Trainee: 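One structure coming up, written as structure tokens, with questions to follow.
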There are 2 protein chains.
Amino acid sequence: MVRRGKAAVHEPTTARGQRTRQKLLDGAEEIFGEEGFERASIAAITGRAEVALGTFYVYFPNKQAIFSELLIELGRALRRRLAEATRGLDTRLAVEEAGCLAFLEFVQSHKNFYRIVRQAEFVDEALYRSYYQGLAKSYAEGLAAAVEGDEIADLDPETVAYMLMGIFDFIGMRWVLWEGQLPPEKLLQDVFRFIRGGLLRAPGGR
Amino acid sequence: MVRRGKAAVHEPTTARGQRTRQKLLDGAEEIFGEEGFERASIAAITGRAEVALGTFYVYFPNKQAIFSELLIELGRALRRRLAEATRGLDTRLAVEEAGCLAFLEFVQSHKNFYRIVRQAEFVDEALYRSYYQGLAKSYAEGLAAAVEGDEIADLDPETVAYMLMGIFDFIGMRWVLWEGQLPPEKLLQDVFRFIRGGLLRAPGGR
DNA sequence: ATGAAACATGAATCAATATTCAAGTCAACA
DNA sequence: TGTTGACTTGAATATTGATTCATGTTTCAT
């Protein structure tokens, strides 16, 4: 029999438990997004979730645990969405464009997404890195294949992955986060033109 | 006569005071970088600065004030450095390359820079935005001139500014922050090739 | 129907720390 | 050298909030 230092934190077995746990995750996403990790109090989270304070500790051992779970969940959801949005597209540029749009739309429907990811740098640095490393890795694989197939210029795939993530991140910040809307179509076209130019066989030396 | 709710927080008039205030700013940069705003305690800051706890409140009214001042200082220092590094260059692409390198080097010598900027989103959101908006504005002006002079493709300058900032930000994170070094020359060349491709007259429709 | 798991509750504990303040120390000038 | 304003000190205050726990309540298999 395993002895634990603390009361066991169990996965809920009943439907009621599942619901409560989910309410806590939802509340936490909102509160963390609004206040940031440190200023988010457990009381605020349970308040938003409409459960009592103590209930929190039935499902999570501490504040950091629910945050980390949230980050993992959001990362998974984003990647699922991206895979879905780009499935079956046959040119790399089409993948980029669809992926960019899906990303921006995802952010728009998870406004607290950015803020949670950024907090993560201070809350759970290892997880923060693996979030980006994971994204970059699968991104780079797709790019490497496109390089292989001579579809795009021969640039280091990981480097390109980080550049593209940076572009999307900042465009998302500027428009979705600050203005609450997708960038106007005209600007989105400029984003795509820029990326297209960068990915296609670029001019050689200076 | 102006009445204040609190004891006046004065700028130091003597050299000793100047030194002490600066020690506090330096200590704060380190501690904020290491711990993040919320977890950074005033005691830790004064400890690092080697002054007594109470001394802090002689120079700053509260924790947020020193943080904001730090962000403003760092922003200023970065822009000064960028202006210096790109002064006199005559092609836009040369400006981009020199600016990119100067940025990465700046980050390397101010390791806590990133973390402070990112914390800012939660500590002083207005200042955080104006930090990026200020950078983007002067960036966009340079780009607009290059578009005007038909040196680069006709893309929305502000959009391009955010894309480039995103690229630099992520490359800096991946290499300088995570590896503690500038990207290998080979990768830097790929970054420049990508940017060159994006900025030059990009292929039209798909 | 009923007893045992599961689940829910919120007052109490306990540590951390931002900020204040009353009492010193220093440096320079008259 | 005595005086004064500038500067420094660190103990005391006051609040906040994470976490615990003893006590109810609900669910459901039998």
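Being a predicted model, the structure only gives us computed values, none of them experimental. Chain identifiers are assigned alphabetically (A, B, ...) following the order of the sequence lines, protein sequences preceding nucleic acid strands; residue numbering begins at 1 within each chain. Note that these values count all heavy atoms, side chains included, but never hydrogens, waters or copies made by symmetry.
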Trainee: Quick one: which residue pairs count as a ring-ring contact (aromatic ring centres under 6.0 Å, His included) with a foot in residues 158-185 of chain A, not counting sequence neighbours?
Mentor: A:Phe170-B:Tyr132

Trainee: Does A:Ser41 place a side-chain N or O at less than 4.0 Å from the phosphate oxygens OP1/OP2 of D:dG17?
Mentor: no

Trainee: Whether B:Tyr57 contacts C:dT19 is assessed here as follows: a side-chain N or O lying under 4.0 Å from the phosphate OP1 or OP2. Is that the case?
Mentor: yes

Trainee: Whole-Å distance between C:dA16 P and B:Glu38 CD?
Mentor: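 Nearest whole value for this atom pair: 17 Å.
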
Trainee: Taking only residues two or more places apart in sequence or in another chain, which ones pass salt bridge (Lys or Arg N to Asp or Glu O under 4.0 Å) with A:Arg21?
Mentor: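 By the salt bridge (Lys or Arg N to Asp or Glu O under 4.0 Å) rule, A:Arg21 matches A:Glu11, A:Glu69.
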
Trainee: Heavy-atom nearest nucleotide on DNA chain D for B:Gly54 versus A:Gly54: which residue maps closer to 5'?
Mentor: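 Its nearest nucleotide lies further toward 5', so the answer is B:Gly54.
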
Trainee: Find the distance A:Phe56:CZ to C:dC7:C1' and express it as a whole number of Å.
Mentor: 16 Å

Trainee: How would you list, by chain and number, every residue that makes a side-chain contact (heavy atoms from CB on, under 4.5 Å) with B:Val51, sequence neighbours excluded?
Mentor: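 side-chain contact (heavy atoms from CB on, under 4.5 Å) list for B:Val51, sorted by chain: B:Thr20, B:Lys23, B:Leu24, B:Thr46, B:Ala49, B:Thr55.
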
Trainee: Over how many whole Å does the gap from A:Glu50 atom CD to C:dT9 atom P extend?
Mentor: 11 Å

Trainee: Just jot down the side-chain contact (heavy atoms from CB on, under 4.5 Å) partners of B:Ala28, sequence neighbours excluded, or say none.
Mentor: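 With neighbours one apart ignored, the set is B:Phe32, B:Ile45, B:Ile66, B:Leu70.
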
Trainee: Consider the side chain of A:Ile42, meaning its heavy atoms from C-beta on, and name the nucleotide among C:dA18, D:dT9, D:dT19 that approaches it most closely.
Mentor: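 Per side-chain heavy atoms of A:Ile42, the pick is D:dT19.
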
Trainee: How long is the line joining CZ of B:Arg39 and C1' of D:dG17, in whole Å?
Mentor: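 In whole Å, D:dG17 C1' lies 15 Å from B:Arg39 CZ.
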
Trainee: Going by heavy atoms closer than 4.0 Å, what residues in residues 11-36 of chain B are next to DNA chain D?
Mentor: B:Pro12, B:Thr13, B:Thr14, B:Arg16, B:Gly17, B:Thr20

Trainee: Could you tell me how the ring of B:Phe67 sits relative to the ring of B:Phe37: parallel (under 30°), tilted (30 to 60°) or perpendicular (over 60°)?
Mentor: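 Ring orientation of B:Phe67 relative to B:Phe37: perpendicular.
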
Trainee: Quickly work out the A:Leu53 CG to C:dA11 P distance and round it to whole Å.
Mentor: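 A:Leu53 atom CG is separated from C:dA11 atom P by 10 Å.
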
Trainee: Heavy atoms, side chains only, cut-off 4.5 Å: are A:Glu121 and B:Leu177 in contact?
Mentor: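 Of all side-chain heavy-atom pairs linking B:Leu177 with A:Glu121, at least one is under 4.5 Å.
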
Trainee: Show me, pair by pair, the donor-acceptor contacts under 3.5 angstrom made by side chains of residues 77-91 of chain A, not counting sequence neighbours?
Mentor:
residue: A:Thr86; atom: OG1; partner: A:Leu82; partner atom: O; Å: 2.9
residue: A:Thr86; atom: OG1; partner: A:Ala83; partner atom: O; Å: 3.4
residue: A:Thr91; atom: OG1; partner: A:Ala94; partner atom: N; Å: 3.0

Trainee: For the side chain of B:Tyr59, counting heavy atoms from C-beta on, which of D:dA18, D:dT9, D:dC7 is nearest?
Mentor: D:dC7

Trainee: Touch check for B:Ala44, heavy atoms < 4.0 angstrom, all strands: base, sugar-phosphate only, or nothing?
Mentor: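 Touches nothing.
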
Trainee: Without decimals, in angstroms, what is the distance between B:Lys63 NZ and D:dT16 P?
Mentor: 15 Å

